[in-house]
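The structure appears below as structure tokens.
Below, read A as the first sequence line, B as the second, and so on, with proteins coming before strands; counting in each chain starts at 1. Only a predicted model underlies this, so the values are computations on that prediction, with no experimental measurement involved.
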There are 2 protein chains.
Amino acid sequence: MPPAPGDREARREDVSQAVWEVLADRGFGGLTLRAVATSMGVSTGMLMHYFPTKRALVAHALHLLETRTAQRPRRERPTEGIAALRAMLLDILPLTPGDTARNRIWVSSWDLALADDGLGAEQADRYTRLRASISPHLEAARAAGELPESADPEQLAATAVAFTHGLVVQALFDPARFTEAVQIAMLDDFLASISDRSGQGR
Amino acid sequence: MPPAPGDREARREDVSQAVWEVLADRGFGGLTLRAVATSMGVSTGMLMHYFPTKRALVAHALHLLETRTAQRPRRERPTEGIAALRAMLLDILPLTPGDTARNRIWVSSWDLALADDGLGAEQADRYTRLRASISPHLEAARAAGELPESADPEQLAATAVAFTHGLVVQALFDPARFTEAVQIAMLDDFLASISDRSGQGR
DNA sequence: CCTTACATACCGAACGCTTGTTACGTACCC
DNA sequence: GGGTACGTAACAAGCGTTCGGTATGTAAGG
């Protein structure tokens, strides 16, 4: 293999992927440079060649995970309003192995984020952006008569995020109970209850 | 100080409380025996005198936290049905410093629990018990006409838990935005939306 | 009532191990 | 030959855990 420069950023992404793998099945408590290195069959010296410190390595992996999450292939966003919100939340739920791994990593990162002010602020910003990307759809839904006039789109966005992430956590710990069908049924019932008029039963 | 035996379990609880303190502001990543020891002004040898291993120490602290959580003073459970559910969920939300610390510790523990099968199963059981303690109230609510006939109490219990814990996480990371008033308003609107007929606006 | 024996409660220092990080050496390509 | 891309080996620091020692109490014996 040539030491051809230019694919340096590609190597850094390879390393980040190895970080994700370790993170997804050992958590932050089990994340060591040696575990990452052996996971990709290299030495720890190689890791330090691409990242100055472990903290930088983790930070890059998390930022890249966030970018990849934003750019990942998603299901169609068919319409505006509640249907669009439904598609967004479906893309968050751990319905595929990839989404499960992603969610596991984020949930695990909360331990660090709660203890570190900088990471905690970043997490808070992520939530703010997520809510901000949701509330326009709720505004459109209200304008289209899908929501009561009295509904507050921003608060409802926070509620939708709360429901979704709370469901994510339960599903991660008990995937047998929270099958894909159960998660979708819960989401649909939740959206129906939020909506102006519901057919609550499924 | 006398080596009077008999208050041995009391000492173990003292240690567990020190564990909680370290956990609440450094997380599991910052939980070391030395940190616990200096937090209570003793030596690490003393810790090992009461617990054979760190794992046992943590396990006892978490079990005790669960017990204390179950037995903590709670607000009145006024009636049956939705009002009772409201009181239960209010007791979970991080509205007091004590509840905030408790929630921080549980959220932090998810990193460990997701990586350790035994702890993961315990967490899943906790969720199952929580849902089981909620669904009777939802059954009563349905019988009393507070919920649509088509509502599924068990699924609705999972939805209520999801909403509540998702709100907990957001509130932990952004307490300035999720004040007590905001959390209560969100909870009330959520309960109104799942109820049979709502006055959605507060 | 004093003494001896013994278990408990704890401290302080040390052990072995793992951690993140650094230094040095080697192979490779331009 | 010089810079890039590693591997290997070592480093100091921090970790959980162990060990010996020192009080302090209870219990027994004469």
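Put simply, B:H49 has a side-chain N or O that comes within less than 4.0 Å of OP1 or OP2 on C:dA9. Contact annotation: A:Y50 side-chain N/O to D:dC6 OP1/OP2 distance is under 4.0 Å.
Using a 4.0 Å heavy-atom distance criterion, A:T32 is classed as a sugar-phosphate-only contact.
Following rounding to the nearest Å, B:F28 (CZ) and D:dC15 (P) show an atom-to-atom distance of 16 Å. Atom CG of B:L31 is separated from atom C1' of D:dG16 by 12 Å (rounded to the nearest Å). In this structure, the CE atom of B:M46 is 8 Å from the C1' atom of C:dC10, given to the nearest Å.
For B:E13, the side-chain hydrogen bond (donor to acceptor under 3.5 Å, both in side chains) partners two or more places apart in sequence, or in a different chain, are B:R68. For A:F51, the ring-ring contact (aromatic ring centres under 6.0 Å, His included) test picks out A:H60, with sequence neighbours left out. B:R34 pairs by the salt bridge (Lys or Arg N to Asp or Glu O under 4.0 Å) definition with nothing, not counting sequence neighbours.
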Show every donor-acceptor pair shorter than 3.5 Å between a side-chain atom in residues 158-170 of chain B and any protein atom, with sequence neighbours excluded, or say none if there are none.
residue	atom	partner	partner atom	Å
B:T159	OG1	B:Q155	O	3.1
B:T164	OG1	B:A160	O	2.7
B:H165	ND1	B:Y127	OH	2.7
B:Q170	OE1	A:R131	NH1	2.8
B:Q170	NE2	A:A158	O	3.1

Using distance only, find each side-chain donor-acceptor pair of residues 178-186 of chain A under 3.5 Å and give its atom names and separation, not counting sequence neighbours.
residue	atom	partner	partner atom	Å
A:T179	OG1	A:V182	N	3.3
A:Q183	NE2	A:F178	O	3.0

Give every pair of a protein N or O atom and an N or O atom of nucleotides 17-21 of chain D that lie under 3.5 Å apart, one pair per line with the distance.
residue	atom	partner	partner atom	Å
D:dT17	OP1	B:T53	OG1	2.5
D:dT17	OP2	B:T53	OG1	3.3
D:dT17	OP2	B:K54	N	2.7

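Between B:R12 and B:D7, none of the side-chain N atoms (NZ, or NE/NH1/NH2) sits under 4.0 Å from a carboxylate O, so this pair counts as no salt bridge.
Here C:dC10 is the nucleotide among D:dT8, C:dC10, C:dC11 with the atom lying nearest to any side-chain atom of B:R11.
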